[in-house]
Amino acid sequence: MPGPLRIVRTPLELTAAMEAWKRAGHRVAFVPTMGALHAGHLALVAEGLKHADKVAASIFVNPKQFGPTEDLERYPRDEAGDGAKLLAAGCELLYAPTVATMYPPGFASYVRVAALPDLLCGAARPGHFDGVATVVSKLLAAARADVAVFGEKDWQQLAIVRRMADDLDLGTQIIGCHIVRDDDGLALSSRNLYLTPDERARAVALPQALSRAREALLAGGDVAPALATAERKIAGAGFARIDYFELVDGERLTPLRAVTPGARLMAAAVMGSTRLIDNLAV
Ligand code: AMP
């Protein structure tokens with residue numbers, strides 16, 4: 001029987017708890033999140049348990065990765081509910097710092113990965129991935145885990161975190177986890193809570209357009225018409241705006257004119273007031 005979930009609030013406590021596990025001979029995994037946990041987050045915990053015998057998670061709604069007009073204030077928060085879900089999934093330690101602990105007065109250091117953050121989501125969300133790289137480097141430095149698990153749902157984030165962990169010798173292996181989807185194919189996201197029932201029903205056009213574009217490409221179709229058809233489908237379903245629908249190199253995230261090994265379809269579009277992202281390997 002797992003004991004109660006242990007909650008720590010400072011980086012020193014997190015490091016001490018992780019080091020104690022390692023001294024006891026355990027391999028340790030770390031799963032960073034912003035909370036409002038769903039089955040996608042819990043799949044990351046399960047993935048962590050495949051690579052380690054102890055899993056710690058973090059919940060931190062990181063102000064530095066939200067733009068001035070984004071949903072920082074209304075982002076869903078439920079630490080008690082999240083704690084119960086983590087414990088049931090086999091996570092034993094939760095790091096939940098306050099904003100003042102993460103960014104005390106005088107905080108002045110930022111991590112910026114070159115090039116990757118300017119593409120795709122970075123074009124619509126300037127500064128977003130610098131906020132992500134900064135907080136993830138702090139989290140990984142304090143956690144000192146053997147492995148850290150990130151979702152392929154946020155493919156660009158995963159690519160940036162891999163690059164950063166490698167470049168900065170952080171000593172933690174970055175592991176990607178498959179995308180968990182609802183029965184109709186929509187990728188689970190904490191932001192799906194914002195969708196009205198009508199918007200939720202129409203949002204499924206996004207994963208459907210990705211699947212159809214993938215089929216068209218694998219059947220030998222040209223890239224440009226496959227992407228154009230997908231964009232028409234998404235617009236027709238009532239998405240207010242399409243930020244991008246592209247075929248890219250999965251590591252460099254640069255656009256491709258033909259399918260190559262590692263190619264990935266990437267999409268972001270706004271339904272009502274909610275920005276949804278998704279992607280698919282081709
Ligand atoms: P978030 O709480 O949205 O910042 O996400 C925390 C982690 O969970 C990130 O590594 C996400 O990629 C991952 N994640 C979010 N949604 C899903 C999903 N539907 N399937 C797999 N991983 C996910």
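It should be emphasised that the depicted structure is a prediction, and the values quoted were computed from it without experimental measurement. Just follow the structure's listing: the first ligand is 1, and inside any ligand the first atom is 1.
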_Looking at Arg162, I'd like to know if its CZ atom is crowded, meaning that more than 12 non-hydrogen atoms belonging to other residues, nucleotides or ligands lie closer than 6.0 Å._
yes

*Look at Lys50 together with Glu47 and state whether they make a salt bridge at an N to O cut-off of under 4.0 Å.*
yes

*Sub-4.0 Å heavy-atom environment of ligand 1, residues by chain*: Pro32, Thr33, Met34, His38, Gly40, His41, Leu44, Tyr75, Phe150, Gly151, Lys153, Asp154, Gln157, His178, Ile179, Val180, Leu188

_Rounded at 0.5 Å granularity, tell me how far CG in Leu94 sits from CZ in Arg9._
7.0 Å

*Might you point out which heavy atoms bring Ala43 and Cys177 nearest each other, and give the distance in Å?*
O-SG, 3.7 Å

*Who are the side-chain hydrogen bond (donor to acceptor under 3.5 Å, both in side chains) partners of Thr254, not counting sequence neighbours?*
none

_Donor-acceptor pair, side chain of Arg202 and main chain of Phe239, under 3.5 angstrom_ = no

